[in-house]
Amino acid sequence: MLLRGDMDALPMPEDVDLPFKSEVDGTMHACGHDAHVAMLAGAARLLSDRRADIAGRVVFMFQPGEEGFHGARYMLEEGLLTDPGTKPDAAFAIHQTPMIPSGYVAAKGGALMASADVLTIDVVARGGHASMPHQACDPIPVACEIVLAIQSMITRSIDIFDPAVVTVAKIRSGTTNNVIPESAQLVGTIRAVSARSRQKVHDNLRRVADGIAAAHGATATVTIDEGYPVTVNDGDWATRSLSIADATLGEGKGILMPSPVMGAEDFSYVLEEVPGAMVFLGTMPSDSTPQPNHSNRMVIDESAMAAGIALYSAVALDRSRSSQPA
Ligand code: NI
């Protein structure tokens, strides 16, 4: 059984007044990965004390580089899931969130989190004088048309029950009021909750951008940097995790989520290879307005970490019991 806790922080200021706030300027544990490390270390201590009760092995995956650096993928490439000494047959991870009441556990089978790819579209046309556009080929209206056409493409060609999101979050072009620039660049994110929708969005983005640029005599180069794949929970493992939460933390503490969230996770690489589940652990503080992960004011209810330690441990013990011959 593999238990995972990621450990990296984010490059941002921590604007809270706590004795344990970050001592490194411009670096903050705004996703609570420090809590993940503390919980996994707690579970390692607890399970080590009960080593005699455990049939088989528990692998504690302390993982760097979750925030976009593919840390899990590197650990897999280094043999985490294939080395005879560590090869697990199930995997489990917890991610804290202050947006769920403290001590509650939420999950679902199937897609839990989205894939996340970076989209860049470079429109190249012909520069000139802004007063005489007929002598140039203006890339700015072409880029604007592409932005709007992407939204039509999503709603008209992607199954609403297998959704995708494309957001163009950055447009860059031009230098002043009376010059038509030669190029324009669009940058955004692509999210999907199935490999099928993800691929379809990639194909359609290329076709739409190419076609619109060609219609105006410009060219568009679409670059898609593939990020994390969809995080897919095994259905049985999701159900089992929630019933273990009920049994360990109290009846009703396991909540079945109605839909995925469009954030992304590199635990997806582990769940592509090994059945298992990722769950969200509520850490909503009782004495302040909850701030979401990645907020510069994110704070967790630390008492929820005990629930996380108990849950990690209970999942491993349950797996150990169920893998023993009857
Ligand atoms: Ni995170």
Side-chain angles (χ1 to χ4, degrees), residues 2-16 20-22 24 26-43 60-76 80 91-108 111-118 165 189 191 193 227-233 238 241 257 259-272 276-285 290-302 304-305 307-309 311-312 315:
L2 178 147
L3 303 177
R4 179 270 211 162
D6 48 355
M7 61 169 81
D8 53 331
L10 285 155
M12 56 188 286
E14 180 160 13
D15 295 319
V16 299
F20 52 83
K21 70 176 270 188
S22 178
V24 183
T27 302
M28 175 186 180
H29 270 296
C31 205
H33 297 182
D34 52 347
H36 300 168
V37 168
M39 292 191 296
L40 191 60
F60 300 94
M61 177 186 179
F62 289 93
Q63 184 214 304
E66 193 286 321
E67 297 288 357
F69 300 99
H70 299 262
R73 200 188 70 204
Y74 284 110
M75 290 182 79
L76 266 57
L80 179 74
F92 179 74
I94 295 175
H95 202 300
Q96 70 78 31
T97 168
M99 307 313 282
I100 293 177
S102 187
Y104 283 77
V105 175
K108 67 180 284 295
L112 180 78
M113 299 183 81
S115 56
D117 306 314
V118 178
V165 169
T189 188
R191 307 287 167 128
V193 290
Y228 300 160
V230 182
T231 303
V232 182
N233 275 348
S241 303
M257 292 164 59
S259 53
V261 293
M262 296 310 264
E265 239 304 328
D266 73 350
F267 191 59
S268 49
Y269 291 116
V270 176
L271 292 178
E272 281 186 334
M278 177 167 207
V279 303
F280 295 109
L281 171 66
T283 55
M284 188 182 285
Q291 305 293 335
N293 284 333
H294 294 211
S295 158
N296 56 327
R297 300 182 192 281
M298 197 281 289
V299 172
I300 73 165
D301 171 22
E302 289 172 80
M305 289 198 289
I309 293 169
L311 186 62
Y312 271 131
V315 167

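All ligand and atom numbering here is 1-based and tracks the order in the structure. In this chain, numbering begins with 1 at the start of the sequence shown.
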### Message
Side chains of Y228 and H70: any donor to acceptor distance under 3.5 Å?
### Response
no

### Message
Salt bridge check, R4 against E265: does any charged N sit closer than 4.0 Å to a carboxylate O?
### Response
yes

### Message
Just by distance, no angles: are the side chains of Q63 and D8 close enough, under 3.5 Å, to form a donor-acceptor pair?
### Response
no

### Query
Would you say the side-chain atoms of D15 pair up with the backbone N or O of R297, donor to acceptor, closer than 3.5 Å?
no

### Query
D34: what forms a side-chain hydrogen bond (donor to acceptor under 3.5 Å, both in side chains) with it, not counting sequence neighbours?
none

### Summary
The number of protein N, O or S atoms lying under 2.8 Å from the Ni ion (ligand 1) is 3

### Message
Side chains of L3 and L40, heavy atoms from C-beta outward: is any pair under 4.5 Å?
### Response
yes

